[in-house]
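Just the heavy atoms: all of them, side chains too, but no hydrogens, waters or symmetry mates, feed the values below.
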Amino acid sequence: MIFIKSEEEIELLRESNLLVGKTLGEVAKHIRPGVSTLELDRIAEEYIRSQGAEPGFKGYGGFPNTLCISVNDVVVHGIPSARCILQEGDVVSVDCGTLKNGYYGDSAYTFEVGQVAEEVHRLLETTKESLYKGIEKAMAGMRIGDIGHAVQSHCENAGYSVVREMVGHGVGKNLHEDPQVPNYGKAGQGVKLKEGMVIAVEPMINMGKRHVFQENDGWTIRTRDRMPSAHFEHTMAIGKKGADILSTFEYVEQALRKQ
């Protein structure tokens, strides 16, 4: 079932998603060689709780931590660890969820650790661009396939591949709601977008082939060819004339400019 949100619900969702953006901004201040992913997770959990909210991922389906932190060839759902120490040249996707006033926020950003290879930088740039290409199609009267087609064509034209197994989703009182929002598809196909729907668009794009596998921990998703992957995500409300982006990268980008 697809839930249409009222204006009041969208404002509550905005509050939760704004908090995700601020949390990612706090994490961004600490991303550097030598920091463990568990330390980044601790920073995020403390910040979220200090704002009167709960981590949206912790305990969700049994997930043990506040953040999904996915380094290099990990696509999504990486588990923070004291043993996972960021190195110069790594890329790290940080996916964050919050639960505040009964509504979820969800957003992700892929960071560069120090100086990365130019071809890896291009992967991140293209993936981020594809997110906004998808968002351009997220308006009432368009279809889910229009979003996926925009993401897929932008990334495949640049020589990258689109992960098929993991998709975007509706967001509301539950972290994952209908409809599913694939990052591939045919224009004009799929569920029609209606004003008041709230969805997360989250391209997961690989430098190499699209194939992935799940680690024995039941969470970590890696590229099968062990080549890097990138992941960016925004949550948005569907409007008549376009998407109202509820999450934000503003705080991340402020932090990165200061480094």
Task: Check: Ser16 side chain, Thr98 main-chain N or O, donor-acceptor pair, under 3.5 Å - done: no

Open item on the list: Run the salt bridge (charged side-chain N to carboxylate O under 4.0 Å, His left out) test against Lys22 and tell me which residues pass, sequence neighbours left out.
Closed with: none

TODO: Evaluate whether atom CD of Gln180 has more than 12 neighbouring non-hydrogen atoms of other residues, nucleotides or ligands under 6.0 angstrom away.
DONE: no

TODO: Could you tell me whether the side chain of Asp178 and the main chain of Met1 form a donor-acceptor pair under 3.5 Å?
DONE: yes

Open item on the list: With salt bridge (Lys or Arg N to Asp or Glu O under 4.0 Å) as the rule and sequence neighbours excluded, what pairs involving residues 203-221 come up?
Closed with: Glu215-Arg222

Open item on the list: Taking the basic N atoms (NZ, or NE/NH1/NH2) and the acidic carboxylate oxygens, is any pair closer than 4.0 Å for Arg224 and Glu165?
Closed with: no

Open item on the list: So does Ala230 get a backbone contact from the side chain of Ser93, meaning a donor-acceptor N/O pair under 3.5 Å?
Closed with: no

- [ ] Would you confirm whether Asn72, through its side chain, and Asp90, through its main-chain N or O, come within 3.5 Å as a donor-acceptor pair?
- [x] no

TODO: Tell me who clusters with Val75, hydrophobic residues only, linked when side chains sit under 4.5 Å apart either directly or through other members.
DONE: Val76, Val163, Met166, Met204, Val212, Ile221

TODO: Answer yes or no: is there an ion pair linking Lys58 with Glu54, defined by an N-O contact shorter than 4.0 Å?
DONE: no

Pairs of donor and acceptor atoms involving the side chains of residues 192-201, under 3.5 Å and at least two apart or interchain, shall be tabulated with distances.
none

Task: Backbone of Leu175 reached by a side-chain donor or acceptor of His169 within 3.5 Å - done: yes

Open item on the list: Donor-acceptor check, side chain of Lys100 to backbone of Gln51, threshold 3.5 angstrom: yes or no?
Closed with: yes

Could you go through residues 141-150 and list every donor-acceptor pair under 3.5 Å that involves a side-chain atom there, pairing it with any protein atom two or more places apart or in another chain?
| unit_1 | atom_1 | unit_2 | atom_2 | d |
| --- | --- | --- | --- | --- |
| Arg143 | NH1 | Gly190 | O | 2.8 |
| Asp146 | OD1 | Gly188 | N | 2.7 |
| Asp146 | OD2 | Arg143 | N | 2.8 |
| His149 | ND1 | Gly185 | O | 3.4 |

TODO: Would you kindly confirm whether Leu86 and Leu256 end up in one hydrophobic cluster when ILVMFWY residues are joined by side chain heavy atoms under 4.5 Å apart?
DONE: yes

Task: Any donor-acceptor pair under 3.5 Å from Thr110 side chain to Phe232 backbone - done: no

Contacts under 3.5 angstrom, residues 242-251 side chains, donor-acceptor by atom type, not counting sequence neighbours:
| unit_1 | atom_1 | unit_2 | atom_2 | d |
| --- | --- | --- | --- | --- |
| Asp244 | OD1 | Arg14 | NH1 | 3.1 |
| Asp244 | OD2 | Arg14 | NH1 | 3.4 |
| Asp244 | OD2 | Arg14 | NH2 | 2.7 |
| Ser247 | OG | His234 | ND1 | 2.7 |
| Ser247 | OG | Thr235 | N | 2.9 |
| Thr248 | OG1 | Glu250 | N | 2.9 |
| Glu250 | OE2 | Gln254 | NE2 | 3.4 |

Open item on the list: Donor-acceptor check, side chain of Glu15 to backbone of Tyr103, threshold 3.5 angstrom: yes or no?
Closed with: no

Open item on the list: Quick check on the 6.0 Å ring-centre criterion: do His77 and Phe63 meet it?
Closed with: no

Task: Carboxylate-amine/guanidinium proximity below 4.0 Å for Glu39 and Arg42 - done: yes

Task: Heavy-atom pair with the smallest gap, counting every atom of Val20 and Gly105 - done: CG2-C, 3.6 Å

